[in-house]
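In what follows, every chain begins at residue 1, and chains take the letters A, B, ... in the order their sequences are listed. As the structure is a computational prediction, the values presented were derived from the model and not from experiment.
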Amino acid sequence: MSGFITRFTTLLKLDAKLALRHKLVHVTVVIALVFGVLVGFVLPSELTPRAIDQVVEPGAGVAPAPTVLEPEAKKPPFNQLFIPILFAVDLSVLGFMFGAVMVLQDKDHGTIRWFRIGPGTSWDYLASKLTINLGLSLLNFVILVGLGAPAALADPRLTLLVLLTCAGMTLFGIGLAVFFRNLAQFFFPLAVVGLVGAMPMYLVLTPTAELGWTWWLPTYHVLFGAEAIMFAGDPAVIRAALGFCAAFTLVAAGFSGAGVDRRLMRETH
Amino acid sequence: MPSRRAGRNLPADGPIPSRHASAYSAAVLEVDQLSFQYPGADAPAVREVSFRIETGQVFGFLGPSGAGKTTVQKIMTRLLPCQGGDVRYDGRPLRELGRSFFAEIGVSFEHPNLFPRLTGLENLEAFLGLYPGEHDDPRAMLERVGLGDAADNKAEDYSKGMKQRLVFARALLHRPKYLFLDEPTSGLDPATARVIIAIIEEHKQRGATVLLTTHDMLVADTLSDTVAFLHDGRIAALDTPRQLKLEHGQRAVKVEHRRHGVLTSETLFLDDEDDRRQLSSLTAAGEIETLHSQEATLDAIFVKLTGRELAA
């Protein structure tokens, strides 16, 4: 066990240094700050419903108010509605991308061969990269939520849900990157994962049965799970989201573990 | 000292038979009937290669590019799977060794694999914590290979030769029992190459077993206790450099001497009685201006045995 801890801390220090030198930390902080400031200080917390005539032709007389289904229902702040969406389309995708980038850089620089002729194991390699990416995700989360909806930081379920999803996406990214030679080749899977992962966002804008299949995506659960946690939604949705993301992370861990151990550490070219 | 077996030349397709394996129990590193074919390749890259290296010896692996030298090294360091044959370290089969085996080896790759955004010093320290036991001071090692002033520069700013030295230094840092050096002097100026050779000799003195892969016959000749010529994946010859040169060279000297003001050059064969008498006469008369032994170079022997240039 002490051997693992020594190896793990060695790799952790190295990966942290590389994350800094490759500016992954900088990118994370800048993105989180931009979205955090946008949500916290630029977007309004409430929109005043107006009829289309009033918007297009102000002062054209009193127009009928727009129809609202539940006028008495407590509406979540408009700006904070973007935070769950950002968990799905920003944090999760960044986790996927950074995990893959770390593996592809090791392939590109040949440092994976260097690692392979040392006493470190596949699990040391994976654990270190996962931990660094979770650190980046946590940093992104704290800045974004801290600026956009500070009170939500107090709910550990939200942190747990977001970190579980990011862990799963990071592991998925690592596992998938193993099968590609370089970043240029990986661009297409990255684009596909980014686009498909963002699909649940459209359900927020336009609820529709046609996108029901997005229930199978972790981004669906982090989006609607986070929404339920932040805006006092259905506890069953929260439980389902946490359960799904935990299961996804376990499956992704198996996938990336097998990929790293059986393929990355045994490549012949 | 190389054993009698190691002192024999082997035919191109005649590796050390495995039935002799028990006689090698004293050998530290045994390679037996190693074969390997890359996926999709038409022919094997390595064919039934066998040799052994005793503790504290330098084994020079010579051959042109594509001969299979690096492939053998990769199999021995488990970067490639052992498809056919066997490798044993102190009698322990490579296939059965755990990850701790990697703490015993140091590998210097021909193509430097470094973290470009880390400094030279950080590159040396990067994986050092993975190795148990004592290790050399990274900064002192950088000084030793002439990179002391560049220790805090990023590796991406290093020249090819500097990267080569950095990779070499990294391989030695944890004082490995087995050293695999792939073209360690490639691209280095003669002065730096001499430093590298001196360091390899020091590690040999401390008992490290070295597999030196090179196509530089001067380096191989200087360092190796035993050399093997690899050609088309097969061992074409395996012996001490001295024995190879005696066997394939001529016992002769080339003499330049001046008689009656005329410079004359002639080759005198030491097995010929008249030539020996002539040499004695020239020596006694003090007329010799230059004298060169005519032993074959490893390069020439390689060409003779394989029909190919070593540096090709």
**Asked** So which part of B:F109 gets closer than 4.5 Å to some heavy atom of chain A, the side chain, the backbone, both or neither?
**Response**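 Only the side chain of B:F109 comes within 4.5 Å of chain A.
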**Message:** If the condition is side chain to side chain contact (heavy atoms under 4.5 Å, CB included), which residues does A:S256 pass it with, not counting sequence neighbours?
**Reply:**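 Listed in chain order: A:L126, A:L171, A:I174.
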**Item:** Part of A:D106 lying under 4.5 Å from any heavy atom of chain B
**Value:**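 Contact with chain B involves the side chain of A:D106 alone.
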**Prompt:** Which residues, numbered in order, of residues 8-29 of chain A come under 4.5 angstrom of chain B by heavy-atom distance?
**Reply:**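 At a heavy-atom separation under 4.5 Å, chain B is reached by A:T10, A:L11, A:L14, A:K17, A:L18, A:R21, A:H22.
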**Prompt:** Quick one: which residues of residues 94-104 of chain B reach chain A at under 4.5 angstrom, heavy atoms only?
**Reply:**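 Under the 4.5 Å heavy-atom cut-off, B:R99, B:F102, B:A103 qualify.
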**Item:** Contacts of residues 114-134 of chain B with chain A (heavy atom under 4.5 Å)
**Value:**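 Those residues of residues 114-134 of chain B which have a heavy atom under 4.5 Å from chain A are B:L114, B:F115, B:P116, B:R117, B:L118, B:T119, B:E122, B:N123, B:A126, B:F127, B:G129, B:L130, B:Y131.
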**Asked** Would you find a donor on one side and an acceptor on the other, under 3.5 Å apart, between the side chain of A:R113 and the backbone of B:L79?
**Response**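 No: the side chain of A:R113 does not pair with the backbone of B:L79.
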**Asked** In this structure, are over 12 heavy atoms from other groups packed under 6.0 Å from A:F179 atom CZ?
**Response**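 Above 12, so yes.
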**Message:** Taking every non-hydrogen pair under 4.5 Å, which of A:H109, A:M265, A:R266 racks up the most with chain B?
**Reply:**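 Counting heavy-atom pairs under 4.5 Å, the top option is A:H109.
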**For chain A, the option from B:R78, B:H174, B:H111, B:R170 that forms the most heavy-atom pairs under 4.5 Å** =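 With the most close heavy-atom pairs to chain A, the winner is B:R170.
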